[in-house]
Amino acid sequence: QVQLVESGGGLVQSGGSLRLSCAASGNILRLNALGWHRQAPGQERELVASFISSVSSGNIAYADSVKGRFTISKDNAKNTVYLQMNNLKPEDTAVYYCKAVEVRLAVNEYWGQGTQVTVSS
């Protein structure tokens, strides 16, 4: 089991910045993926940014819509992943979820409770 606790959401004006944090239980370097997804009202949940192909590899995937504005990073000692969001736009408004994937005998997915990000125009 992996527990994920997000923090850092809030209300910000267009062009502003926020940093989200996701603290994971246990060593994040053992995970196969760790990152951020988001879901806006009436829309499907989508990938925002994630470490992929094992967190220890450092490989990262970004959604095209956030490239150049958002940066994912991690602190291995704190077992925490961050999402720095700059130049926020109203279309970034969504609930942001932390997701972890651990592959052992099966693929196990874990989600945090979500944190609301609202960008006003």
(request) Start with the C-alpha distance between Leu20 and Met85, add both sets of side-chain angles, then the distance that settles side-chain contact (heavy atoms from CB on, under 4.5 Å), and finish with yes or no. (result) CA-CA 8 Å; Leu20 306 182; Met85 305 184 292; 3.7 Å; yes
(request) Please lay out, stage by stage, how Val2 and Leu31 fare under the test side-chain contact (heavy atoms from CB on, under 4.5 Å). (result) CA-CA 10 Å; Val2 179; Leu31 299 173; 4.1 Å; yes
(request) Mind running side-chain contact (heavy atoms from CB on, under 4.5 Å) on Glu44 and Glu46 for me, showing each step along the way? (result) CA-CA 6 Å; Glu44 294 186 354; Glu46 63 176 1; over 6 Å; no
(request) Under the side-chain contact (heavy atoms from CB on, under 4.5 Å) rule, what do Ile72 and Tyr62 come out as? Steps first, then yes or no, please. (result) CA-CA 9 Å; Ile72 188 171; Tyr62 286 102; 3.5 Å; yes
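Note on Val48 and Trp111: separate hydrophobic clusters, where clusters join Ile, Leu, Val, Met, Phe, Trp and Tyr whose side-chain heavy atoms are under 4.5 Å apart, directly or indirectly. Residue Tyr110 is grouped with residue Leu29 when hydrophobic side chains (ILVMFWY) are merged at heavy-atom distances under 4.5 angstrom, including chains of intermediate members. Val117 and Leu47 are assigned to two separate hydrophobic clusters, defined by single-linkage of ILVMFWY side chains at heavy-atom distances under 4.5 Å.
Contact annotation: the side chain of Val81 never approaches that of Val55 to less than 4.5 Å [non-hydrogen atoms, C-beta and beyond]. Within the 4.5 Å cutoff, side-chain heavy atoms of Arg38 are placed close to those of Val66. With a 4.5 Å cut-off on side-chain heavy atoms, Val95 and Glu6 do not count as touching. Residues Leu34 and Cys98 are in side-chain contact: their nearest non-hydrogen atoms beyond the backbone lie under 4.5 Å apart.
For the pair Ser121 (side chain) and Pro90 (backbone), a donor-acceptor distance under 3.5 Å is absent. Under a 3.5 Å cut-off, the side chain of Gln13 and the backbone N or O of Ser120 do not form any donor-acceptor pair. In terms of modelled atom types and a separation under 3.5 Å, the side chain of Thr118 and the main chain of Thr93 share no donor-acceptor contact.
When all heavy atoms of Ala94 and Gln39 are compared, the closest pair comes out as CB-O, 3.4 Å. When all heavy atoms of Ser21 and Trp36 are compared, the closest pair comes out as O-CH2, 3.5 Å. Here the closest non-hydrogen pair linking Gln113 and Tyr97 is O-CE2, 3.7 Å. Of all heavy-atom pairs spanning Lys78 and Thr80, the tightest one is O-OG1, 2.9 Å. The shortest heavy-atom contact between Ile28 and Asn79 is N-OD1, 3.1 Å. Annotation for Leu88 and Val12: closest pair CD1-CG1, 3.5 Å, computed over non-hydrogen atoms.
Within the model, atoms CZ of Arg19 and OG of Ser7 stand 8.5 Å from one another, a figure rounded to the nearest 0.5 Å. Leu11 contributes atom CG, which lies 9.5 Å from atom CD of Gln116 (distance to the nearest 0.5 angstrom). Remark: Glu91 CD to Gln43 CD distance equals 10.5 Å, nearest 0.5 Å. Atoms CG and OG, from Asn76 and Ser56 in turn, are 9.0 Å apart once rounded to the nearest 0.5 Å.
Ring geometry for Tyr96 against Phe70 counts as tilted: the plane angle lies between 30° and 60°, on a 0 to 90° scale.
Looking at residues two or more places apart in sequence or on another chain, you find a side chain to side chain contact (heavy atoms under 4.5 Å, CB included) between Ile52 and Ser50, Asn59, Ala61.
Using a 4.0 Å cut-off between charged nitrogen and carboxylate oxygen, Lys67 and Asp64 count as a salt-bridge pair.
Counting only N and O atoms by type, the side chains of Lys89 and Asn87 include no donor and acceptor under 3.5 Å apart.
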